[in-house]
Enquirer: 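I'd like to ask some things about the structure below.
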Amino acid sequence: MLHDPNRVYVFDTTLRDGEQVPGCQLTTPEKIEIARELETLGVDIIEAGFPVSSPGDFQSVVEISKAVSAPTVCALTRANKGDIDSAVEALKYAKHPRIHTGIGSSDQHILHKFNSTREEILQRAVDAVKYAKKSVEDIEFYAEDAGRADVVFLAQMVEAVIAAGATVVNIPDTNGYCLPDQYGAKIKFLKENVKNIDKAIISVHCHNDLGLATANAIAGLQNGARQIEGTINGIGERAGNTSIEEVVMILKVHQTLGLHTNINSKNFYELSRMVSAQMRMPVQPNKAIVGANAFAHSSGIHQDGFLKNRENYEIIKPEDVGFPSASIVLTARSGRHALKFHLERLGHTFDKDELSEVYQRFLILADGKLDINDDDLQGLVAARMVKN
Ligand code: KIV
Ligand code: ZN
């Protein structure tokens, strides 16, 4: 089968990098429920856990492998035989298993985490890939802290692990350090200088320490990466990971990028709420795509423009991400147009002067109240009738 060069594979790590967040730990049944929803969403790869880390994580990988059939199920390991053996065992029921093994690639990690040398680390990387390849065909290699790694050494490492059998090479910006142009340039360098790069897919795995995880992932895709790793709601270590819903909608809105995924974006809202509830991790109201305010229009100028033509202030249709609907929130910053819209929705029609009068009383009420609901509006109308 010919590989579509514009297809971006979506690798979800909500159940691994996301679940590492303190307080977000899930039981195996909860993970299975999320994994099934991820399958419905259309993700290509589910990173189900880190089997050697605990018996519970091992069992989750086993059960998720049994529960889903379309996506590849992936298990994380460090670059050693014990971890790999455990992952192979945990993945034995997976229809499409993948081992995700790797090691540090920056001098910071090589010297101060592994107390080692570039040569030794390179050998350990190659040995791990070769060992994993004996049991599983699909091997993804992660070059941890690639964001801070010397790009020439990184290219050497990537070339060696592909020669050893890696099918996907993950270039993580583990510490969320890079600027988008730096990260994009790193991916471009690998594309242009690793001579066997056409034998593997480049994957982007970005963290959000500087708020750049999504921007960096997109920069990576623009420079030749074709797999994006992320989580639902952007949860993950420290400030989190790239948010899958953001990347997918960026590719949809910016068709000129010419890239597409297999994701059914209408499932985002429901899945976002499920992940948030199960992981006890609220979604910030202003979160792009799935936050409570993502489709709420509140200032008078925006509301007036939106009511004239939604596209004045809407680049994504709420229904495209499963969001219940756009909303016109009534506050003291709302204008007459928004008030009229809500009064008519409740069945009350006023001429211009009448509306002005109700609007003045509305402003007094709204100045003392955070937002105005339908009962408040009915109260304003009733008070006007009594008065007249
Ligand atoms: O951020 C990171 O480097 C990781 C790897 C284990 C892929 O999560
Ligand atoms: Zn990570």
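Order of appearance sets the numbers: ligands from 1, and atoms from 1 within every ligand.
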Enquirer: Under 3.5 Å, is there a donor on one side chain and an acceptor on the other for Ser60 and Glu63?
Expert: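 No, because no side-chain N or O of Ser60 sits under 3.5 Å from a partner of the opposite role on Glu63.
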Enquirer: For ligand 1, which atoms sit closer than 4.0 Å to a heavy atom of Asn170?
Expert: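 Answer, ordered by atom number: 7 (C).
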Enquirer: Ring of Tyr359, cation from Arg361 - is the NZ or CZ under 6.0 Å from the centre and inside 45° of the axis?
Expert: no
Enquirer: Could you pull out the closest heavy-atom pair between Ile244 and Phe11, with the gap in Å?
Expert: CD1-O, 4.1 Å
Enquirer: Taking only heavy atoms of His205, which atoms of ligand 1 are found under 4.0 Å from at least one of them?
Expert: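 Listed by number with element: 1 (O), 2 (C), 4 (C), 7 (C), 8 (O).
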Enquirer: Report the distance from atom SG of Cys74 to atom CG of Leu91, rounding to the nearest 0.5 Å.
Expert: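 One gets 7.5 Å once the value is rounded to the nearest 0.5 Å.
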Enquirer: His207 heavy atoms, cut-off 4.0 Å: which ligand 1 atoms fall inside?
Expert: 1 (O)
Enquirer: Quick one: are the ring centres of His100 and Tyr142 less than 6.0 Å apart?
Expert: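 Close enough - the centres of the two rings lie under 6.0 Å apart.
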Enquirer: Identify, by atom number and element, the atoms of ligand 1 in contact range of Asp17, meaning under 4.0 Å from any of its heavy atoms.
Expert: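 This gives 8 (O) as the contact atoms.
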Enquirer: Any atoms of ligand 1 less than 4.0 Å from a non-hydrogen atom of Thr174? List them with their elements.
Expert: 1 (O), 2 (C), 3 (O)
Enquirer: Output, in order, the C-alpha distance, side-chain angles, deciding distance and verdict of side chain to side chain contact (heavy atoms under 4.5 Å, CB included) for Asp138 and Ile99.
Expert: CA-CA 7 Å; Asp138 189 3; Ile99 301 259; over 6 Å; no
Enquirer: Between Asn286 and Gln284, do the side chains contain an N or O donor and an N or O acceptor separated by less than 3.5 Å?
Expert: yes
Enquirer: Take every heavy atom of His100, measure it against each atom of ligand 1, and state whether any distance is under 4.0 Å.
Expert: yes
Enquirer: Taking only heavy atoms of Glu144 into account, list the atoms of ligand 1 that are under 4.0 Å away from them.
Expert: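 Within the 4.0 Å cut-off of Glu144, ligand 1 contributes 3 (O).
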Enquirer: Side chain to side chain contact (heavy atoms under 4.5 Å, CB included) for Ile235 and Thr14? Distances and angles first, verdict last.
Expert: CA-CA 7 Å; Ile235 60 165; Thr14 306; 4.0 Å; yes
Enquirer: When you compare the side chains of Lys252 and Ser265, does any donor N or O come within less than 3.5 Å of an acceptor on the partner?
Expert: yes
Enquirer: Around the Zn ion (ligand 2), what protein N, O or S atoms are found below 2.8 Å?
Expert: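 Hits for the Zn ion (ligand 2) below 2.8 Å: Asp17 OD2, His205 NE2, His207 NE2.
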Enquirer: Under a heavy-atom criterion of less than 4.0 Å, does Glu229 contact ligand 1?
Expert: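 Contact absent.
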Enquirer: In terms of the angle between their ring planes, are Tyr313 and His302 parallel, tilted or perpendicular, with boundaries placed at 30° and 60°?
Expert: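 It falls in the parallel class, under 30°.
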Enquirer: In ligand 1, which numbered atoms sit nearer than 4.0 Å to a non-hydrogen atom of Arg16?
Expert: 4 (C), 5 (C), 6 (C), 7 (C), 8 (O)
